[in-house]
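Reviewing the structure listed below.
Just so it is clear, the model here is predicted, and its values are computed rather than measured.
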Amino acid sequence: MKRMKLATRGPDFSRMVYGTWRLLDTKPTAQEINRRLHVCLDLGITTIDTAEIYGLYEVEQQLGAALALSPGLRDKLELVTKAGIYVPCSYHPERHTAHYNATGPRLIKSLEKSLRMLGTDHVELFLVHRPDWLTRADDTAAGLNELLRTGKIRAAGVSNYSPAQFDLLNAQMEHPLVTNQIEFHLLHPEPISDGTLLQCEQFGVLPMAWSPLAGGRIFDPSNPAAARLAAAAKSMSARYHAATLEQLAYAWILAHPSHPLPVIGTNKLERLQSAAQADAIVLEREDWYALWEAAQGRKIP
């Protein structure tokens with residue numbers, strides 16, 4: 001598995017990232033999560049992505065318990081977490097309405113809680129999970145800058161930010177933002193044309209791509225786009241050592257010149273192993289466009 005530097009002053013991450021959004025869907029034990037982390041490590045997937053809100057605020061604690069089972073495991077991994085989304089749930093019955101809060105003090109409080117849950121004194125990357133419409137950029141930046149100064153985070157970034165939102169916050173940072181984690185896949189190629197990936201290339205930061213398989217929609221036989229993609233993948237599979245649609249979908253993201261890092265969300269070990277193999281696939285230009293056409297159901301402009 002190749003390694004990539006997110007930015008000039010950013011951390012080194014594995015080319016593909018393991019995401020924990022649905023980590024608890026199968027109700028795994030700490031031992032099972034620990035095993036999954038070791039499989040990631042064996043595959044060269046050393047970057048683990050999580051967030052305060054994942055599992056309605058339970059994933060970080062479970063991930064921390066799994067890390068604690070293997071002394072030294074945490075030091076072999078790069079941890080990414082996010083904060084800024086707050087929703088009503090049994091863990092927070094005092095909340096009545098889902099809302100964003102990216103004020104400096106709130107981000108600091110959330111990150112410090114994440115560190116306690118994960119059982120570590122720092123994370124390699126901390127992201128503002130969503131833009132907060134009621135908070136000034138200098139307020140958000142003040143919190144991120146404080147966390148950077150104290151060493152509790154090694155780098156800061158954002159998630160789901162538009163180019164304008166990224167620019168505004170970045171202008172207030174003492175150290176530049178190192179990534180924008182965005183939705184990017186065959187069924188959502190808009191970041192190519194809306195300026196998001198162009199901005200990443202301009203500033204030399206690598207984006208992270210969440211939901212790289214469109215939440216499984218690219219495999220839904222009732223979805224016309226999925227049917228077209230299945231046919232396209234079948235026609236080119238032999239040229240890539242019998243690559244599956246799943247692997248070709250990852251390779252399609254990896255081929256973009258902004259060098260996105262796909263965030264893999266599976267809970268199945270065999271799917272992890274299959275995804276890791278996509279790192280070695282180099283799509284021919286015409287095949288990349290053929291997959292785009294199949295997904296969109298039209299020719300390029």
## Note on the structure
Output for pair (Leu245 CG, Tyr250 OH), nearest 0.5 Å, gives 11.0 Å
### Task
Kindly compute the distance separating CE (Met16) from CD (Gln277), expressed to the nearest 0.5 Å.
10.5 Å
### Query
So if you build clusters from Ile, Leu, Val, Met, Phe, Trp, Tyr with side-chain heavy-atom gaps below 4.5 Å, do Leu134 and Ile108 land together?
no
#### Entry: Atom pair OH/CD of Tyr289 and Gln296 - distance to nearest 0.5 Å
13.0 Å
### Query
Which heavy-atom pair separates Met173 from Ala156 by the least distance, and what is that distance?
CE-CB, 4.1 Å
### Query
Does any non-hydrogen side-chain atom of Thr20 lie less than 4.5 Å from one of Ile33?
no
### Message
I want to check something: taking the side chain as every heavy atom from C-beta on, are Leu248 and Leu283 in contact at a cut-off of under 4.5 Å?
### Response
yes
### Gap between atom OG1 of Thr46 and atom CG of Leu37 - 0.5 Å precision
11.5 Å
### Query
Should we say atom CZ of Arg228 is surrounded by more than 12 heavy atoms from elsewhere, each under 6.0 Å from it?
yes
### Task
Report yes if some heavy atom in the side chain of Leu272 is under 4.5 Å from a heavy atom in the side chain of Cys40; otherwise report no.
yes
### Task
Ignoring hydrogens and angles, state whether a donor on the side chain of Asp287 or Tyr240 is under 3.5 Å from an acceptor on the partner side chain.
yes
#### Entry: Salt-bridge criterion met for Asp132 and Arg106 (N-O under 4.0 Å)
no
### Task
For Gln165 and Ser162, test the side chains for any donor-to-acceptor distance below 3.5 angstrom and give the result as yes or no.
yes
### Message
Quick one about Ser114 and Glu60 (side-chain donor to acceptor, distance below 3.5 Å, no hydrogens or angles considered), yes or no?
### Response
yes
### Query
So which residues get pulled into Leu206's cluster when ILVMFWY side chains under 4.5 Å apart are joined, directly or through others?
Met4, Leu6, Phe13, Val17, Val80, Leu125, Leu127, Val178, Met208, Leu261, Val263
### Task
Kindly work out whether a path of hydrophobic side-chain contacts (I/L/V/M/F/W/Y, heavy atoms less than 4.5 Å apart) joins Leu254 to Ile218.
no
### Query
Would you find a donor on one side and an acceptor on the other, under 3.5 Å apart, between the side chain of Ser14 and the backbone of Ile45?
no
### Task
With sequence neighbours excluded, tell me which residues meet side chain to side chain donor-acceptor pair (under 3.5 Å) with Glu112.
Lys152
### Query
Hey, mind stepping through Asp12 and Arg3 against salt bridge (charged side-chain N to carboxylate O under 4.0 Å, His left out) and telling me if it holds?
CA-CA 6 Å; Asp12 288 326; Arg3 295 187 63 77; 5.5 Å; no
### Query
Out of curiosity, Leu79 CG to Leu67 CG, how far, rounded to the nearest 0.5 Å?
6.5 Å
### Message
I'd like to know if the side chain of Thr140 and the backbone of Ala102 have a donor-acceptor N/O pair within less than 3.5 Å.
### Response
yes
### Task
Look only at the side chain of Asn170 and the backbone of Leu177, and say whether a donor-acceptor pair between them is shorter than 3.5 Å.
yes
#### Entry: Nearest heavy atoms of Pro131 and Ser159, plus distance in Å
CD-O, 4.0 Å
### Task
Determine whether the side chains of His99 and Thr97 contain a donor N or O and an acceptor N or O closer than 3.5 Å.
no
### Query
Considering only heavy atoms from C-beta outward, does the side chain of Asn145 approach that of Arg149 to under 4.5 Å?
yes
### Message
If you compare all heavy atoms of Ser258 against all heavy atoms of Pro207, which two are closest, and at what distance to 0.1 Å?
### Response
O-CD, 3.2 Å
Expected list for residues 68-76: side-chain donor-acceptor pairs under 3.5 angstrom, two or more places apart:
from: Ser70; atom 1: OG; to: Asn34; atom 2: ND2; distance (Å): 2.9
from: Ser70; atom 1: OG; to: His38; atom 2: NE2; distance (Å): 3.1
from: Arg74; atom 1: NE; to: Thr120; atom 2: OG1; distance (Å): 2.8
from: Arg74; atom 1: NH1; to: Leu77; atom 2: O; distance (Å): 3.0
from: Arg74; atom 1: NH1; to: Glu124; atom 2: OE1; distance (Å): 3.4
from: Arg74; atom 1: NH2; to: His122; atom 2: O; distance (Å): 2.9
from: Arg74; atom 1: NH2; to: Glu124; atom 2: OE1; distance (Å): 2.9
from: Arg74; atom 1: NH2; to: Glu124; atom 2: OE2; distance (Å): 3.4

### Message
Checking side-chain polar atoms at under 3.5 Å, does Asp167 have a donor or acceptor matched by the opposite partner on Gln199?
### Response
yes
### Query
What about Val282 and Trp292, same hydrophobic cluster or not, with Ile/Leu/Val/Met/Phe/Trp/Tyr joined at side-chain heavy-atom distances under 4.5 Å?
no
### Task
Taking the six-membered ring for Trp and the single ring otherwise, decide whether the centroids of Phe184 and Trp252 are under 6.0 Å apart.
yes
### Query
Is Glu270 atom CD crowded by more than 12 heavy atoms from other residues, nucleotides or ligands, each under 6.0 Å away?
yes
### Summary
Ser237 and Ala243 have their tightest heavy-atom pair at OG-O, 2.8 Å
### Query
Is there a side-chain contact between Tyr161 and Val128, using heavy atoms and a 4.5 Å cut-off?
yes
#### Entry: Ala232 backbone acceptor or donor facing Ser235 side chain under 3.5 Å
yes
### Message
Within the structure provided, determine whether Lys82 and Arg130 are in side-chain contact (heavy-atom separation under 4.5 Å).
### Response
no
### Query
Backbone N or O of Ile85 within a donor-acceptor pair of the Asn101 side chain at under 3.5 Å?
no
### Query
Counting heavy atoms not belonging to Trp288, are there more than 12 under 6.0 Å from its CH2?
yes
### Task
Taking the side chain as every heavy atom from C-beta outward, state whether Tyr54 and Leu63 have any pair of such atoms under 4.5 Å apart.
no
### Query
In terms of ring plane angle, is the pair Phe203 and Phe166 parallel, tilted or perpendicular, where the classes change at 30° and 60°?
parallel
### Message
Using the side chain to side chain donor-acceptor pair (under 3.5 Å) criterion, which residues pair with Arg36? Sequence neighbours excluded.
### Response
Tyr18, Asn267
### Message
To the nearest 0.5 Å, what is the distance between NZ on Lys268 and CD on Gln273?
### Response
13.5 Å
### Test salt bridge (charged side-chain N to carboxylate O under 4.0 Å, His left out) applied to Glu32 and Lys27, step by step
CA-CA 9 Å; Glu32 288 169 333; Lys27 297 180 171 57; over 6 Å; no
### Message
I'd like to check Thr196 versus Asn180 (side-chain heavy atoms, cut-off strictly below 4.5 Å). Are they in contact?
### Response
yes
### Task
Under the side chain to side chain donor-acceptor pair (under 3.5 Å) rule, collect the residues that match up with Glu94, sequence neighbours excluded.
His92
### Task
Please name the pair of heavy atoms, one in Thr81 and one in Leu111, separated by the smallest distance, quoted to 0.1 Å.
CG2-CD2, 4.0 Å
#### Entry: Arg154 and Glu78 ion-paired at < 4.0 Å
no
#### Entry: Whether Gln247 side chain and Ser274 backbone form a donor-acceptor pair below 3.5 Å
yes
### Electrostatic pair Glu293-Arg298, nearest N-O below 4.0 angstrom
no
### Task
Please check if Trp133 and Leu168 belong to a single hydrophobic cluster, counting links between Ile, Leu, Val, Met, Phe, Trp and Tyr side chain heavy atoms closer than 4.5 Å.
no
### Query
Honestly, is Arg95 close enough over Tyr57, meaning NZ or CZ under 6.0 Å from the six-membered ring centre and within 45° of the axis?
yes
### Message
Taking Lys109 first and then Glu52, would you say they form a salt bridge - that is, a charged N and a carboxylate O separated by under 4.0 Å?
### Response
no
### Query
Has the side chain of Lys5 got a donor or acceptor atom that lies under 3.5 Å from a matching backbone atom of Pro11?
no
### Task
Could you tell me which residues satisfy side-chain contact (heavy atoms from CB on, under 4.5 Å) with Gln61, sequence neighbours excluded, listed by chain and number?
Met117
#### Entry: Exam field: side chain Thr266 to backbone Arg271, donor-acceptor pair closer than 3.5 Å
no
#### Entry: Nearest heavy-atom neighbours spanning Leu187 and Ala214
CD1-CB, 3.8 Å
### Query
If we ignore angles and hydrogens, is there a donor and acceptor under 3.5 Å between the side chains of Trp210 and Asp49?
no
